[in-house]
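Because the structure is predicted, anything quoted here is derived from the model rather than measured. Naming convention: chains lettered A, B, ... in sequence-line order (proteins, then strands); numbering from 1 in each chain.
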Number of protein chains: 2
Amino acid sequence: MPYKERDIEKQYYTIGEVAAQFDVAPSLIRFWETEFDDLKPRKSKKGNRLYSPQDIEIFRTIYHLVKERGYTIPGARDIMKQRGPQLKEKVDVIHSLEKVRNFLVQLRKELDVAGKQQPGGGA
Amino acid sequence: MPYKERDIEKQYYTIGEVAAQFDVAPSLIRFWETEFDDLKPRKSKKGNRLYSPQDIEIFRTIYHLVKERGYTIPGARDIMKQRGPQLKEKVDVIHSLEKVRNFLVQLRKELDVAGKQQPGGGA
DNA sequence: ATGTCGCGCTCTTTGTAGGGCATGGGGTAG
DNA sequence: CTACCCCATGCCCTACAAAGAGCGCGACAT
């Protein structure tokens with residue numbers, strides 16, 4: 001490896017740097033750490049928090065939900081926990097609904113054979 | 001016309017009825033009225049609040065955002081104002097789909113009477 | 001090279017303004 | 001007597017901020 005990987009890997013930020021980056025108080029970051037299980041930075045031997053880029057992404061998500069979208073902390077917590085599965089469920093629901101739609105379209109066809117008129121409806 | 005249509009059209013609910021329907025205190029409904037411009041029911045000559053079905057839909061949306069999704073009141077207000085129509089559509093779609101589902105369940109029952117077997121599908 | 005002073009950053013614990021309603025008083029209509 | 005009105009005040013958590021104390025590091029003198 002030509003470049004020292006340590007210089008890339010070892011990007012850890014202090015709580016003060018994170019606070020400055022988001023323009024919030026360090027106390028807020030520590031408080032959120034007690035509220036969100038996902039936000040648990042590594043700690044130095046001394047006990048200082050060390051934030052990895054992943055930790056910062058997590059913080060950014062929480063910041064977005066709480067400060068920009070206006071979620072309560074419990075509301076944001078729920079989203080953080082069910083983010084992955086939630087997306088899969090949505091896809092499944094859409095897939096189910098497409099099946100239902102095809103069924104209903106077919107049903108309408110069959111009903112049309114009976115000669116009745118059906119006003120078109122928007123979804 | 002055998003039944004009086006007025007009984008269907010003229011559905012206004014008192015604050016007590018709405019409160020019971022959602023299992024909340026009337027004071028909460030009055031408080032939200034001061035917080036959400038969209039929630040402004042008609043009032044009787046005496047001054048009592050009269051909630052139309054549309055008013056109840058609005059209340060249901062707010063209830064959904066604040067109590068089930070975990071939005072703060074400002075957060076819910078933003079959604080009501082910026083994406084209000086879109087969100088209302090979503091909620092309406094969900095309720096419509098629930099009705100459709102019930103209809104389909106009933107339909108399957110009736111089809112079962114014809115002697116055919118239908119493999120059950122998960123929703 | 002080594003005490004030590006001071007400064008900046010961090011830590012944990014404790015304090016607190018305000019958000020989000022509930023409650024109580026005084027009144028009206030049915 | 002009950003259910004509603006309005007208004008004011010009460011009040012309990014939520015969501016942080018401030019207080020107090022402990023490192024670590026450079027500067028400066030010894």
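- An OP1 or OP2 oxygen of dG19(C) is reached within less than 4.0 angstrom by no side-chain nitrogen or oxygen of Arg77(B).
- The side chain of Arg30(A) contributes an N or O atom lying less than 4.0 Å from OP1 or OP2 of dC11(C).
- A straight line from CG of Leu50(A) to P of dC9(C) spans 16 Å, rounded to a whole angstrom.
- When the C1' atoms of four end pairs are superposed on the next four at each end of the helix from dA1(C)-dT30(D) to dG30(C)-dC1(D), using five pairs per end, the two resulting axes differ in direction by 0°, to 10°.
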Output a table of donor-acceptor pairs, distance under 3.5 Å, between side-chain atoms of residues 26-37 of chain A and any protein atom two or more places apart or on a different chain; print 'none' if there are none.
| residue | atom | partner | partner atom | Å |
| --- | --- | --- | --- | --- |
| Glu33(A) | OE1 | Arg49(A) | NE | 2.7 |
| Thr34(A) | OG1 | Phe31(A) | O | 2.5 |
| Glu35(A) | OE1 | Arg77(A) | NH1 | 3.1 |

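- Comparing dT12(C), dA22(C), dT28(C) by their nearest atom to the side chain of Lys46(B) picks out dT28(C).
- The shortest distance between the side-chain N/O atoms of Trp32(B) and the OP1/OP2 oxygens of dC21(C) is below 4.0 Å.
- One finds a side-chain N or O of Thr14(B) lying less than 4.0 angstrom from the OP1 or OP2 phosphate oxygen of dC4(D).
- Using a 4.0 Å heavy-atom distance criterion, Ser44(B) is classed as making no nucleic acid contact.
- For dT10(C), the OP1/OP2 oxygens have no side-chain nitrogen or oxygen of Lys45(A) closer than 4.0 Å.
- Note on Lys43(A): only backbone sugar-phosphate atoms sit closer than 4.0 angstrom, heavy atoms only; bases stay farther off.
- Between Lys67(A) and the phosphate of dA15(D), there is no side-chain N or O to OP1/OP2 separation shorter than 4.0 Å.
- Taking the six-membered ring for Trp and the full ring otherwise, the centers of Tyr51(A) and Phe59(A) sit at least 6.0 Å from each other.
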